[in-house]
Amino acid sequence: MTSIDEFRARARAWLEQNAKPFDEAAGHDGEGTSVPLEESKRFQKALWEAGFAGITWPKEYGGQGLGAEELIAFNQEAADFELPTGPFVIGLGMPGPTILELGTEEQKRRHLPPMLRGEEIWCQLFSEPSAGSDVASLQTTATRTETGWVVNGQKVWTSGAQYSDFGAILARTDPTVPKHKGITMFIVDMRHPGVTVRPLVVATGHAPFNEVFFDNVEVPADAVIGEVDKGWDAAVVMLRNERVAIGAGGRARTNALGYDSLLEAARTRGLESEPAIRRRLALLYARESALTAYGRVLHEETTAGIQIGARGSAAKLAGAELALWAADLAQDILGSDLALGSADLDRVVAAVVGAPGGAVAGGTNEIQRNIIGERVLGLPKDPGVDRNTPFNQLKLSR
């Protein structure tokens, strides 16, 4: 038995003992909020103690110091179980890897181990009402003081802000230079009295997102991630991690629009032998497999220290388009059952209604195509008439 086989067997045994098997018939809200927060924290701590949290992170920062193969093996085994780790997905998938790459030694030792142990939850604070896909147009400001900075402004579409302890925020620190310059990324304390979080209800009826207001929020000088006025470089790193996390998650039984779920739906309705449905299910399997393989390549390269650059946008775009395509297939398989609704189809209904959101979250599909065209294929950039204009000279909606 190879070391990977041993790791897989150990992971399977631990999951069987500590996690609930995935129940297709059970209700899932898809937002990581179906269990109490304290239960999620306890599970995350147990996961870390067993050696299955931070699998590829360095040991000196609380990780396991293993490779991408172990990470993929664990994720494959975990697909058969209910893991109440939703509140930690943002922190471990986006701010955590960014601090690991750009943070100071003090930031890494202070923040990464508590993330892995489930003691602290993080969110990402990029989008604003007037700066969604064009994040560089953000208007939240950070003004320098004798002891650090003071942040004022508003963020929106922030996942998990309601229970987060810290956030990675982008703020404008120099409005006299073009918009992609003069931005800085900070660590912000979400428990500061000047932080106000308000939930936003989406089409599925859930409230996974929030709008967040910052009113004279003090941030210490050592809270800068990367360099002052070079926050766009840090944002590119975090967005790269975000797009890989969103797009390259691989096949999981918990996906209501995944091959396993839709094949079972077709069998239940006697459609698994219908040629058109069989062909589309085969395509779904192939597309999922291709995305899983691509995600594995990106994870392995990242673990090996290879910069994947804008190729993360390809994973994000493929994942978003796959969800839309699978939503169409689900509607054809379920027909009027989907419209009438029933308890056993709640997950699928929510997934179908929520699928278009994947083409917006983490950067729209159009933005991903621009990134791929410019940074992967080497095509000419858009003219970008505001690229060289000082930010304080731009006419922006407020």
Side-chain angles (χ1 to χ4, degrees), residues 90 93-104 107 122-144 148-149 151-158 166-188 212 214 219 221-246 302 307-313 316 361-364 366-376 378 380-394 396:
I90 297 294
M94 299 166 204
T98 303
I99 291 175
L100 193 58
E101 184 170 337
L102 300 176
T104 64
Q107 288 172 346
W122 282 62
C123 62
Q124 177 203 62
L125 300 148
F126 280 18
S127 296
E128 299 184 8
S130 298
S133 293
D134 183 16
V135 175
S137 293
L138 64 89
Q139 298 178 51
T140 293
T141 62
T143 305
R144 196 187 290 269
W149 304 81
V151 176
N152 284 281
Q154 178 187 359
K155 297 294 181 177
V156 74
W157 309 122
T158 305
F166 292 95
I169 186 172
L170 287 180
R172 191 162 302 281
T173 45
D174 184 356
T176 67
V177 295
K179 65 181 184 179
H180 288 87
K181 301 178 181 179
I183 293 173
T184 304
M185 183 182 291
F186 299 93
I187 297 171
V188 63
V212 187
F214 297 87
V219 176
D222 61 2
V224 174
I225 301 176
E227 298 181 47
V228 173
D229 293 336
K230 293 187 178 181
W232 187 250
D233 295 338
V236 169
V237 172
M238 189 171 294
L239 290 171
R240 182 188 71 213
N241 289 314
E242 177 184 37
R243 285 158 188 167
V244 172
I246 291 175
T302 300
Q307 294 294 326
I308 64 171
R311 287 179 294 143
S313 288
K316 196 278 176 182
T364 65
E366 290 74 18
I367 289 293
Q368 306 308 325
R369 290 190 176 94
N370 280 348
I371 293 172
I372 294 167
E374 294 174 4
R375 302 179 194 172
V376 179
K381 289 181 176 291
D382 286 338
V385 294
D386 59 354
R387 285 183 184 274
N388 299 313
T389 304
F391 184 78
N392 57 7
Q393 295 180 22
L394 297 176
L396 301 170

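- D229 pairs by the side-chain hydrogen bond (donor to acceptor under 3.5 Å, both in side chains) definition with T173, not counting sequence neighbours.
- Considering all non-hydrogen atoms of both residues, E101 and V237 come closest at OE1-CG1, 3.5 Å.
- Residues I225 and T98 form a side-chain contact, since some pair of their non-hydrogen atoms from C-beta on lies under 4.5 Å apart.
- Atoms CD and OG, from Q154 and S127 in turn, are 11.5 Å apart once rounded to the nearest 0.5 Å.
- Partners of N392 according to the side chain to side chain contact (heavy atoms under 4.5 Å, CB included) rule, which considers only residues two or more places apart in sequence or in another chain, are P175, T176, P390.
- Not counting sequence neighbours, F214 has no partner by the ring-ring contact (aromatic ring centres under 6.0 Å, His included) test.
- Taking CD1 of I183 as the start and CD1 of I169 as the end, the distance is 12.0 Å to the nearest 0.5 Å.
- When the side chain to side chain contact (heavy atoms under 4.5 Å, CB included) test is applied to E128, the partners found at least two apart in sequence or on another chain are A131, L138, Q139, T140, K155.
- The backbone N or O of A136 lies less than 3.5 Å from a partner atom in the side chain of R172, making a donor-acceptor pair.
- Using modelled atom types, one side-chain atom of Q107 and one backbone atom of D222 make a donor-acceptor pair closer than 3.5 Å.
- For R144, the salt bridge (Lys or Arg N to Asp or Glu O under 4.0 Å) test picks out no residue, with sequence neighbours left out.
- Considering OG1 of T104 and CD1 of I99, their distance stands at 8.5 Å, rounded to 0.5 Å.
- The heavy-atom pair separating I187 from F166 by the smallest distance is CG2-CD2, 3.9 Å.
- Residues that satisfy the salt bridge (Lys or Arg N to Asp or Glu O under 4.0 Å) test with D134, not counting sequence neighbours, are K179.
- Here the straight-line distance linking atom CD1 of I367 with atom CG of L239 works out to 11.0 Å at 0.5 Å rounding.
- F126 and L170 get closest at one heavy-atom pair: CE1-CG, 3.6 Å.
- Every residue meeting the side chain to side chain contact (heavy atoms under 4.5 Å, CB included) condition with V376, not counting sequence neighbours, appears here in chain and number order: A310, R311, I372.
- In this structure, W149 and A142 approach most closely via the heavy-atom pair CE3-O, 3.5 Å.
- When every heavy atom of S313 is checked against every heavy atom of Q368, the shortest pair comes out as OG-OE1, 2.8 Å.
- The heavy-atom pair separating M238 from P95 by the smallest distance is CE-CA, 3.6 Å.
- With sequence neighbours excluded, the residues forming a salt bridge (Lys or Arg N to Asp or Glu O under 4.0 Å) with E374 are K381, listed by chain and number.
- Applying the salt bridge (Lys or Arg N to Asp or Glu O under 4.0 Å) criterion to K181, with sequence neighbours excluded, gives no partner residue.
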